[in-house]
Chemist: 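Sharing a structure here in structure tokens format.
Within every chain, numbering begins at 1; the chains are lettered A, B, ... in the order of the sequence lines, protein sequences first and strands thereafter.
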2 protein chains.
Amino acid sequence: MMSVTIKDVAKNANVSIATVSRVLAGKKEAYSLATEKRVHKAIQELGYKKNKAAVELVTMKSNVIAILVSTPKTNFAMKIIESIQKNAYKKDLSVIILFVGDNDEETQIKALNTVIERPVKGILLISVELCGDAINLLKNSGISNVFVSTAMSKESKFVSSDDFKIGYEATKFLIHKGHKKIGLSSLEVDKFIGQQRVAGYLSALKDHHIPQNDDWIFDGDYSYESGVASMQYYASQTDITAVIGASDLAAIGIINTAQKLDINVPDQLAVISIDGTYLVDIVSPRITSVTQSFYNMGETALKMLFSKGNESSHIYTSFQIDERESS
Amino acid sequence: MMSVTIKDVAKNANVSIATVSRVLAGKKEAYSLATEKRVHKAIQELGYKKNKAAVELVTMKSNVIAILVSTPKTNFAMKIIESIQKNAYKKDLSVIILFVGDNDEETQIKALNTVIERPVKGILLISVELCGDAINLLKNSGISNVFVSTAMSKESKFVSSDDFKIGYEATKFLIHKGHKKIGLSSLEVDKFIGQQRVAGYLSALKDHHIPQNDDWIFDGDYSYESGVASMQYYASQTDITAVIGASDLAAIGIINTAQKLDINVPDQLAVISIDGTYLVDIVSPRITSVTQSFYNMGETALKMLFSKGNESSHIYTSFQIDERESS
DNA sequence: CTGAAAGCGCTTACAG
DNA sequence: CTGAAAGCGCTTACAG
């Protein structure tokens, strides 16, 4: 199928292609009303669509932004994507989405190459920690980029919650409820976010003069299964009375396993989750959560992508604690 | 930042740009090993990346496929997208994702225009019913397309579950459990999928000589809230003993509301959901479901997109009933 | 095995 | 207000 080009429109409207291009671009001063009408009529008649590839080639830029997102173990990434998508749409930006493995250098490099091969306007990376070579590739590309939800290194732009503060506030909340033996479950303790939350957790304990216990911190991957495993462990090896689930799904795993073990939530075990997606409201008991503002996160990331200046600006989006039935 | 082009590589490797192009394309017969090595070395040194926009312009095709997906009310679309994404990745295809309103002609047209403006290889439409003008736009574009999860009209390619059969089998399952008063909740009764499921439901009742009752069918939109509303209605206006939730979320809404009303699931009310995503396993009671094969659906859709021939081929992916605790 | 050249569909100074 | 022309970075017959 031969598609209709700017030439066909020009011929039909009896003007030059330059004029058609100007009308298309809306350079008002550059053509008469009569011309404009003829061109629009021709476009209508022929069903003409601009060829973006040609435009991108000649202008060396595009209105495409790329999202790299790690294959979901949790469910919040979708919310961020939705937010980015909606806001991008308003600004006439197209969105390319690529899933990458979280610690998989090969897919990271491949995805980045795919993206860099076209003149994308910017790259958003949602909860992916980039491997060494991938970081260099991204830097050398010179393409504006923002890390979302996961803070990378100090030299990159990122928007996320303040995970230290999340760890601190979640812990403080449980302490104020009278708990002294508090678990911290299912986070990746050797990754940036995990470290921040652990640090915040420990800091809260310390500030309240509560002794810490390494056995209370359960390494995991934010998944439901990880929550299940942690609860089995906690029940058999510890005497905690409260636990912070590092994600909603992990918290649900904890609660379901507790119920199976005849441990009443919240009476025998208080649970608070981190994330606060719709899941916390549809399970029973409804889960008290540290609720992150994912929608705002996506919106902010998009703004940062186009903001001039500081290449290492960090923005923390707000979070709040929503008390429900599990604590 | 001036990026490096094929010219730079040619100069560095001391060959023509035609040769560089051939090496890049891997046309083995067309260059010597020595040349190949020099070119690859130059590419390495300069950090050259092909400009996709130029390639697309000259070849008039791309390896981009577009996904239009309706703004999620349910949670299964993500599974389909994940599947498409993974399989596309293997075939070196990039994926553009656009969210569109379900009955929103404006966003549908805008999204389609965005997509058609570049030489995309194909368009996948996940659970979106296209409005009239949008349908024409898609057809006239001449771009290969497949509807996923929602069957459109008979003239388009689609892959989905057989929703008549789903309605039939879900109903039969409950009948075999001894139920005669069976609700069908939260589906859009005036859309294609809803109609199919209703028809299957009625057919199963008829085949088993069970009288139908219009009051048992509750119009909705597959959402959690819709499930909640239906249960309030059923409890006050009907005496059903079993109900089919049109999505997992709807079923969860039904169950949570039943519990609030002191109606025991499954003893006083049996519940079966349609979808069978991970949600059915993390709530309590775990929900018996008609489990659709979303992963397979995405995979199949991608294959259909590139299959020659029949422009109106339909493929039904399989489903199964998984009995759990809610029935 | 290799290169010169045409051409893909646009945009944008430049000249009028 | 308008057009002729150069050029974006590639691919691919064509000719050798």
Chemist: Taking the side chain of A:Lys27 as its heavy atoms from C-beta onward, which of D:dG9, C:dT12, D:dT12 lies nearest to it?
Modeler: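 Output: C:dT12.
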Chemist: Say you draw a straight line from OG of A:Ser293 to NZ of A:Lys79; how long is it, rounded to the nearest 0.5 Å?
Modeler: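 Reported to 0.5 Å precision, the distance equals 10.0 Å.
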Chemist: Answer yes when B:Glu106 and B:Lys110 have at least one side-chain N-carboxylate O distance shorter than 4.0 Å, and no when they do not.
Modeler: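 B:Lys110 and B:Glu106: not salt-bridged.
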Chemist: Which of these passes side chain to side chain contact (heavy atoms under 4.5 Å, CB included) with B:Val146: B:Ile123, B:Leu124, B:Leu125?
Modeler: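 The residue from B:Ile123, B:Leu124, B:Leu125 that satisfies side chain to side chain contact (heavy atoms under 4.5 Å, CB included) with B:Val146 turns out to be B:Leu124.
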Chemist: As a test of reading the structure: which of D:dG9, D:dG3, C:dT11 is closest to the side chain of B:Ile6, going by heavy atoms?
Modeler: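 Nearest nucleotide to the side chain: D:dG9.
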Chemist: To the nearest 0.5 Å, tell me how far A:Cys131 SG sits from A:Ile109 CD1.
Modeler: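 Between A:Cys131 SG and A:Ile109 CD1, I get 7.5 Å after rounding to 0.5 Å.
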Chemist: Classify the ring geometry between A:Phe158 and A:His314 as parallel (under 30°), tilted (30 to 60°) or perpendicular (over 60°).
Modeler: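 Ring orientation, 0 to 90° scale: parallel.
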Chemist: Give DNA chain C the dot-bracket treatment, 5' to 3': Watson-Crick (N1-N3 with N6-O4 or O6-N4) or G-U (N1-O2, O6-N3) under 3.5 Å, [ ] crossing, | other strand.
Modeler: |||.||||||||.|||
Chemist: Using side chain to side chain contact (heavy atoms under 4.5 Å, CB included) as the criterion, point out the one residue from B:Leu24, B:Thr5, B:Ile43 that pairs with B:Lys50.
Modeler: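 The residue from B:Leu24, B:Thr5, B:Ile43 that satisfies side chain to side chain contact (heavy atoms under 4.5 Å, CB included) with B:Lys50 turns out to be B:Leu24.
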Chemist: Closest to the B:Thr19 side chain: D:dT11, C:dG3, C:dC10?
Modeler: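 The answer is C:dG3, which lies nearest to the side chain.
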Chemist: Could you please name the option among C:dT11, D:dG3, C:dG9 that lies closest to any side-chain atom of A:Ala54?
Modeler: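 The nucleotide sitting nearest to the side chain is C:dG9.
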Chemist: Taking the side chain of A:Ser21 as heavy atoms from C-beta outward, which of D:dG9, D:dT2, C:dT12 is closest to it?
Modeler: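 The closest nucleotide is C:dT12.
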Chemist: At under 4.0 Å, does any side-chain N or O of A:Ser16 touch on OP1 or OP2 of D:dG3?
Modeler: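 Checking A:Ser16 against D:dG3: at least one side-chain N or O falls below 4.0 Å of OP1 or OP2.
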Chemist: Hey, which of these two, B:Thr59 or B:Ser32, hits DNA chain C nearer its 5' end, going by closest nucleotide?
Modeler: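 Of the two residues, B:Ser32 wins.
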Chemist: What's the closest nucleotide to the side chain of A:Ile17 if the choices are C:dC8, C:dC10, D:dT2?
Modeler: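 The nucleotide sitting nearest to the side chain is C:dC10.
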Chemist: Indicate yes or no: does B:Glu56 engage A:Arg118 in a salt bridge with an N to O separation below 4.0 Å.
Modeler: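 Salt bridge between B:Glu56 and A:Arg118, a charged N being under 4.0 Å from a carboxylate O: yes.
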Chemist: Both B:Leu57 and B:Thr35 contact DNA chain C. Taking the nearest nucleotide for each, which residue is further toward the 5' end?
Modeler: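 Going by which nucleotide is closer to the 5' end, it is B:Thr35.
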Chemist: Please give, in whole Å, the distance from C:dC1 P to B:Asn14 CG?
Modeler: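 Distance check: B:Asn14 CG to C:dC1 P gives 18 Å.
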Chemist: Kindly point out which of C:dT2, C:dC10, C:dA4 is positioned nearest to the side chain of B:Ala18?
Modeler: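 Selected nucleotide (nearest to the side chain): C:dA4.
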Chemist: Between D:dT12 and D:dG16, how far apart are the two C1' atoms, rounded to whole Å?
Modeler: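 Approximately 16 Å lies between the C1' atom of D:dT12 and that of D:dG16.
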